[in-house]
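First up is the structure itself, then whatever we jot down about it.
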Amino acid sequence: MTFNPLQIAGLVLGFFGMVGTLATALLPQWRVSAFVGSNIIVFERLWEGLWMNCIRQVRVRLQCKFYNSLLALPLDLEAARALMCVAVALSLIALLIGISGMKKIQCKGSNERVKTYLLGTSGVLFILTGIFVLIPVCWTANIIIRDFYNPAVHIGQKRELGAALFLGWASTAVLFIGGGLLCGYCCCNGKKQKNRYPATEHPAPHTDKQPQNGTVLSKTSTSYV
């Protein structure tokens, strides 16, 4: 059996999307300190992530600290953490299902149609993972931009978009493309199977009429006197 290019490309992109999702969830650069107005102190940078805060100073090693209390976190941060955890779990499940659907792996009692459905399921899960990543990333970016242009927010409290947000957007695009390729492979392979095995019509049984027992066909002869 040979691999299909859509199958290989979809799983490879799904793997990179899973790695990007995990990196987006762990990196602390969701919010970074902004240097606007009179806030020109460039020897100190502040990073805020889902799990920790980090501060980096000139000639000083990067220092990070995990959040002390879970209940003291803002609502948007708690929701983002929950969605990213679900996204990481979904991407891992999708990758395992996609690997089990590879044609080279022979599963007991499985056929080509079952493996095609497994790849389709993997593609759908990758797309769902991209949605779960896109929601917290866009939500956080919206809050950062809103507070940045809000005059009521102090200059020292303004933040800019961090590298983790851009990585999240890139991972979402990769997950969407990989999931779309796997779903496309599932649809194309399903159509090929339908064309390969068309529905056969069963003709009506043909019965030959046999003469019943005890009935003999004979020709009558006429005698002439």
Side-chain angles (χ1 to χ4, degrees), residues 13-57 60-95 122-180:
L13 290 177
F15 172 76
F16 284 116
M18 183 194 69
V19 174
T21 300
L22 183 60
T24 302
L26 296 179
L27 286 177
Q29 292 97 336
W30 281 63
R31 306 164 185 254
V32 297
S33 54
F35 304 111
V36 292
S38 59
N39 186 22
I40 57 175
I41 304 176
V42 296
F43 62 85
E44 180 179 283
R45 290 190 66 89
L46 180 64
W47 298 342
E48 298 177 5
L50 298 180
W51 312 97
M52 67 184 75
N53 284 338
C54 296
I55 184 172
R56 186 172 187 178
Q57 298 177 346
V60 178
R61 185 180 302 176
L62 179 66
Q63 299 177 355
C64 297
K65 180 181 180 181
F66 289 93
Y67 297 119
N68 295 327
S69 176
L70 179 63
L71 299 178
L73 297 177
L75 181 61
D76 58 336
L77 185 58
E78 293 181 1
R81 292 172 72 168
L83 290 174
M84 290 304 299
C85 289
V86 173
V88 172
L90 277 180
S91 63
L92 181 59
I93 295 173
L95 184 63
S122 176
V124 173
L125 290 179
F126 277 132
I127 294 176
L128 287 178
T129 302
I131 295 175
F132 276 101
V133 175
L134 189 64
I135 292 174
V137 169
C138 292
W139 190 0
T140 304
N142 180 51
I143 295 175
I144 293 173
I145 296 174
R146 183 194 62 190
D147 293 343
F148 186 85
Y149 291 104
N150 188 3
V153 179
H154 190 267
I155 295 178
Q157 300 296 326
K158 294 181 183 292
R159 297 292 181 264
E160 291 183 352
L161 304 178
L165 299 180
F166 296 99
L167 180 60
W169 282 319
S171 301
T172 300
V174 172
L175 288 168
F176 282 163
I177 296 174

task = Look only at the side chain of Trp30 and the backbone of Thr24, and say whether a donor-acceptor pair between them is shorter than 3.5 Å.
result = yes

What pairs of donor and acceptor atoms, side-chain ones from residues 129-139 against any protein atom, are under 3.5 angstrom apart with sequence neighbours left out?
unit_1, atom_1, unit_2, atom_2, d
Thr129, OG1, Ser91, N, 3.4
Thr129, OG1, Leu125, O, 2.8

query = Which pair of heavy atoms, one from Leu27 and one from Ala164, lies closest together, and at what distance?
reply = CB-CB, 4.1 Å

Validation row: Arg146, Val153 side chains within 4.5 angstrom (heavy atoms) = no

message = Quick one: does any side-chain atom of Lys65 pair with a main-chain N or O of Met52 as donor and acceptor, under 3.5 Å?
response = no

task = Mark yes or no for whether Trp51, through its side chain, and Ala25, through its backbone, hold a donor-acceptor pair below 3.5 Å.
result = yes

key: Whether over 12 other heavy atoms sit under 6.0 Å from Tyr67 OH   = yes

key: Side-chain donor or acceptor of Ser122 paired with backbone N/O of Ala94 under 3.5 Å   = yes

note = d(Thr21 OG1, Met84 CE) to nearest 0.5 Å is 6.0 Å

query = Do Arg81 and Leu73 have side chains that get closer than 4.5 Å, going by heavy atoms?
reply = yes

inquiry  = For Asn150, give me all partners under side-chain hydrogen bond (donor to acceptor under 3.5 Å, both in side chains), at least two apart in sequence or on another chain.
reply    = none

message = Would Ile143 and Arg31 count as a side chain to side chain contact (heavy atoms under 4.5 Å, CB included) here? Give the steps.
response = CA-CA 10 Å; Ile143 295 175; Arg31 306 164 185 254; 4.2 Å; yes

message = Let me confirm one number: the CZ-CD1 distance from Phe16 to Ile177, rounded to the nearest 0.5 Å.
response = 13.0 Å

